[in-house]
Amino acid sequence: MDAFYASVALRERPDLLDQPVVVGGRGRGVVLAANYVARRYGVHSALPMSRVRRLCPRVVVLEPDYATFITVSASVMETFREVTPVVEVLSLDEAFLDVRGSTRRLGSPVEIAERVRSTIHDEQGITCSVGVARTISVAKVASRRAKPDGVIVVPPSEVTSFLHPLDVGDLYGVGEKTRALLHRSGLRTVKDVAHTPLDALQRQVGVHLGRHLHDLAWGTDRDELNASTGTREPERSMGADETFGRDTDDREVIVRELLRLSARVAGRMRAAGVVGRTITLKVRFSDFTTIARARTVPEATDVTVEIHRTATRLFDALGLRHQRLRLVGVRVERLVPRCTVHRQLALGEPDPGWTEADRAVDRATRRFGSAAVRPASLVVGRP
DNA sequence: TCTGGGGTCCTAGGACCC
DNA sequence: TCTGGGGTCCTAGGACCC
């Protein structure tokens with residue numbers, strides 16, 4: 001989708017179509033999506049909101065409405081699945097489709113692309129762009145260059161002439177750091193990378209990345225999709241983090257925030273039916289340096305208080321003294337389906353323990369909303 | 001009052017085991 | 001002429017994606 005969040009938000013506000021519009025958070029947030037009018041001012045996603053107002057004082061800021069984004073996304077994915085069952089979902093607004101088995105029924109890839117685009121336009125009132133190619137990274141680069149509201153087809157015979165003039169930073173998977181590293185080595189275009197001997201490239205950037213860059217530069221990367229037809233791949237980790245409204249060194253505030261985050265993560269884990277053993281605490285200081293500390297516990301868990309206890313211990317083990325924090329986060333890794341582990345009963349553990357309490361909270365939350373039941377320390381205005 | 005929040009994958013080093 | 005060698009698990013950090 002083109003400028004997905006902004007396009008969806010603007011469906012409700014057609015009066016703003018000619019105005020620079022961004023969807024973004026308040027306070028210390030960043031731009032989640034900018035419409036193409038705003039982009040003319042140099043506004044783009046991930047830009048701090050404070051800079052957006054300086055670049056474009058008359059910008060209109062809309063709040064994200066995730067419930068609607070998710071609904072629109074589901075409809076869009078449904079449209080994709082009418083084309084082919086082989087769909088690899090990348091994010092809410094983007095997917096790879098393997099249309100090799102659909103051409104008899106629906107026509108050439110370009111015809112399929114235009115059909116999908118017009119369906120989404122008619123049904124959802126937003127535009128999207130499509131790249132057509134034999135491998136995912138070439139398709140991805142093509143779709144970026146097709147934006148907004150376009151289609152680019154790169155036939156196999158034209159892959160190198162399409163890719164080679166591009167900057168290495170245009171490759172899918174090459175970000176700011178890798179681009180700078182390659183530029184420092186004199187490799188500026190995709191062609192430069194393609195014509196560097198593989199072993200020389202691997203000495204520069206490591207074996208794996210070197211191999212990967214070479215494949216990207218010749219357009220010979222992956223061409224089979226990870227499309228579990230229908231069901232999604234289970235998540236490998238789940239986490240939550242939050243930037244404070246202002247930096248803090250107050251242990252009580254921090255530990256309380258860790259509880260909020262632990263409850264959020266554990267609730268999502270229980271809803272997904274997964275448990276995990278490795279709990280990671282993330283801390284970002286005022287100067288933006290960020291560290292993470294992890295601990296693997298003997299028993300996989302989805303229990304709020306257990307995750308919170310581990311996170312708090314990890315925090316205390318940092319031994320911070322009056323260092324102000326900008327952000328804290330909690331993540332649980334190495335997730336496995338809950339049904340694959342059986343919980344070891346500890347001696348002395350009460351039978352209806354925290355697990356049962358969490359289940360009860362989940363039931364209350366489902367019926368009455370997330371504000372219904374909370375740890376007492378998270379109740380605003382408590383005595 | 002610069003710099004969100006959700007993820008994935010890779011690397012590197014140390015502990016530990018056979 | 002001394003410190004094998006391979007594998008797994010764990011932790012920390014970093015790059016990248018949307």
Side-chain angles (χ1 to χ4, degrees), chain A residues 1-6 22-34 43-55 63-64 66 69-70 73 88-96 136-137 140-141 143-144 147 168-182 202 205-213 216 222 226 232-247 261 264-265 268 272 276-298 310 314 317-318 326-335:
Chain A
M1 305 307 112
D2 302 327
F4 180 55
Y5 292 175
V22 301
V23 173
R26 41 166 62 118
R28 309 220 261 189
V30 300
V31 174
L32 298 170
V43 174
H44 55 83
S45 51
L47 200 68
M49 292 302 293
S50 50
R51 281 186 59 194
V52 172
R53 294 187 193 285
R54 250 177 292 153
L55 283 168
E63 295 263 318
Y66 289 101
F69 299 152
I70 287 167
S73 171
E88 180 174 331
V89 177
L90 213 64
S91 66
L92 275 186
D93 73 323
E94 183 166 32
F96 293 111
I136 63 152
S137 88
K140 173 70 192 177
V141 173
S143 82
R144 273 187 195 153
K147 283 180 181 297
V168 287
D170 292 334
L171 292 173
Y172 179 45
V174 176
E176 207 181 296
K177 306 284 180 174
T178 308
R179 176 176 185 268
L181 177 67
L182 292 169
Q202 289 177 320
V205 300
V207 175
H208 187 92
L209 183 57
R211 174 83 253 170
H212 185 57
L213 288 173
L216 293 178
R222 181 159 69 89
N226 294 323
R232 296 216 351 257
E233 296 273 313
E235 264 98 353
R236 307 177 78 83
S237 73
M238 281 191 194
D241 45 51
E242 193 145 305
T243 300
F244 293 111
R246 28 199 275 235
D247 298 354
L261 296 169
R264 199 187 296 171
V265 173
R268 278 166 45 203
R277 281 183 60 206
T278 302
I279 291 139
T280 302
L281 167 79
K282 179 159 100 176
V283 165
R284 175 168 291 153
F285 298 99
S286 301
D287 66 358
F288 223 72
T289 58
T290 307
I291 59 171
R293 293 292 179 269
R295 174 172 299 178
T296 298
V297 297
T310 303
L314 287 165
L318 290 174
R326 178 186 181 87
L327 164 148
V328 287
V330 176
R331 175 165 294 278
V332 182
E333 288 163 78
R334 304 215 273 142
L335 303 183

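Every chain is numbered from 1 and lettered A, B, ... according to where its sequence line falls, protein lines coming before strand lines. Just so you know, these numbers come straight off a predicted model, no measurement behind them.
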Output a table of nitrogen or oxygen pairs between the protein and nucleotides 16-18 of chain C separated by less than 3.5 Å.
from   : atom 1 : to       : atom 2 : distance (Å)
C:dC16 : OP1    : A:Gly175 : N      : 2.9
C:dC16 : OP1    : A:Gly175 : O      : 3.4
C:dC16 : OP1    : A:Thr178 : N      : 2.8
C:dC16 : OP1    : A:Thr178 : OG1    : 2.3
C:dC16 : OP2    : A:Glu176 : N      : 3.4
C:dC16 : OP2    : A:Lys177 : N      : 3.0
C:dC16 : O5'    : A:Gly175 : N      : 3.4
C:dC16 : O3'    : A:Gly173 : O      : 3.4
C:dC17 : OP1    : A:Gly173 : N      : 2.8
C:dC17 : OP1    : A:Val174 : N      : 3.4
C:dC18 : OP1    : A:Lys140 : NZ     : 2.5
C:dC18 : O3'    : A:Ser91  : OG     : 2.9
C:dC18 : O3'    : A:Asp93  : OD1    : 2.9

For A:Ala240 and A:Val207, take the nucleotide of DNA chain B holding the closest heavy atom to each; which residue's nucleotide lies nearer the 5' end?
A:Ala240
Identify which one of A:Glu333, A:Arg295, A:Arg334, A:Arg331 satisfies the side chain to side chain donor-acceptor pair (under 3.5 Å) criterion when paired with A:Thr278.
A:Arg334
Would you mind reading off the distance between A:Arg331 atom CZ and B:dC9 atom P, rounded to a whole angstrom?
12 Å
Using a heavy-atom cut-off of 4.0 Å across all strands, would you classify A:Met238 as base, sugar-phosphate, or nothing?
sugar-phosphate
With a non-hydrogen cut-off below 4.0 angstrom, is A:Leu32 in contact with a base, only sugar-phosphate, or nothing?
base
What nucleic acid atoms does A:Ala46 come within less than 4.0 Å of, heavy atoms only: base, sugar-phosphate, or nothing?
base
Measure the distance from NZ on A:Lys282 to P on C:dA15 and round it to the nearest whole Å.
14 Å
Nearest to the side chain of A:His208, which nucleotide is it out of B:dT1, B:dC10, C:dT11?
B:dC10
Nearest whole Å is fine: how far is B:dC9 C1' from A:Ile136 CD1?
13 Å
Looking at every strand, decide which applies to A:Arg293 at a 4.0 Å heavy-atom threshold: base, sugar-phosphate, or nothing.
sugar-phosphate
Any strand is fair game: report the nucleotide pairing with B:dC18 by Watson-Crick or G-U wobble, both distances under 3.5 Å, or none.
C:dG5
A:Arg277 side chain near C:dC10 phosphate (N/O to OP1/OP2, under 4.0 Å):
yes
Of the listed C:dT11, B:dG4, C:dG13, the closest approach to the A:Ile291 side chain comes from C:dG13
Whole-Å distance, A:Leu281 CG to C:dT11 C1', equals 13 Å
Base, sugar-phosphate, or nothing for A:Arg211, non-hydrogen atoms under 4.0 angstrom?
nothing
To the nearest Å, give me how far apart CZ (A:Arg28) and P (B:dT3) are.
6 Å
What protein N or O atoms touch nucleotides 5-8 of chain C N or O atoms at under 3.5 angstrom, if any, and at what distances?
none

Counting the atoms with a prime plus P, OP1 and OP2 as sugar-phosphate, which does A:Arg334 contact under 4.0 Å by heavy atoms, base, sugar-phosphate, or nothing?
sugar-phosphate
Heavy atoms only, 4.0 Å cut-off, all strands: where does A:Arg284 land among base, sugar-phosphate and nothing?
sugar-phosphate
Would you please classify the geometry between the A:Tyr66 ring and the A:Tyr5 ring as parallel, tilted or perpendicular, with 30° and 60° separating the classes?
perpendicular
Please determine if a side-chain N or O atom of A:Arg246 lies less than 4.0 Å away from the OP1 or OP2 oxygen of B:dT1.
no
With the side chain counted from C-beta on, respond yes when A:Asp241 and A:Arg284 share a heavy-atom pair under 4.5 Å apart, and no when they do not.
no
Starting at atom CZ of A:Phe285, determine the distance to atom P of B:dT3, rounded to an integer number of angstrom.
18 Å
Examine C:dT11: is either OP1 or OP2 under 4.0 Å from a nitrogen or oxygen in the side chain of A:Thr296? Give yes or no.
yes
Can you measure A:His212 atom NE2 to B:dC10 atom C1' for me and round it to whole angstrom units?
11 Å
With sugar-phosphate meaning primed atoms plus P, OP1 and OP2, does A:Gly206 contact a base, only sugar-phosphate, or nothing at under 4.0 Å between heavy atoms?
nothing
How many angstroms lie between atom CG of A:Asp2 and atom CG of A:Asp93, to the nearest 0.5 angstrom?
9.0 Å
Just to be sure I understand the rule, does A:Arg54 reach a base, reach only the sugar-phosphate, or reach nothing, if contact means heavy atoms closer than 4.0 Å?
nothing
Taking the inter-plane angle between the rings of A:His208 and A:His212 on a 0 to 90° scale, is it parallel (under 30°), tilted (30 to 60°) or perpendicular (over 60°)?
parallel
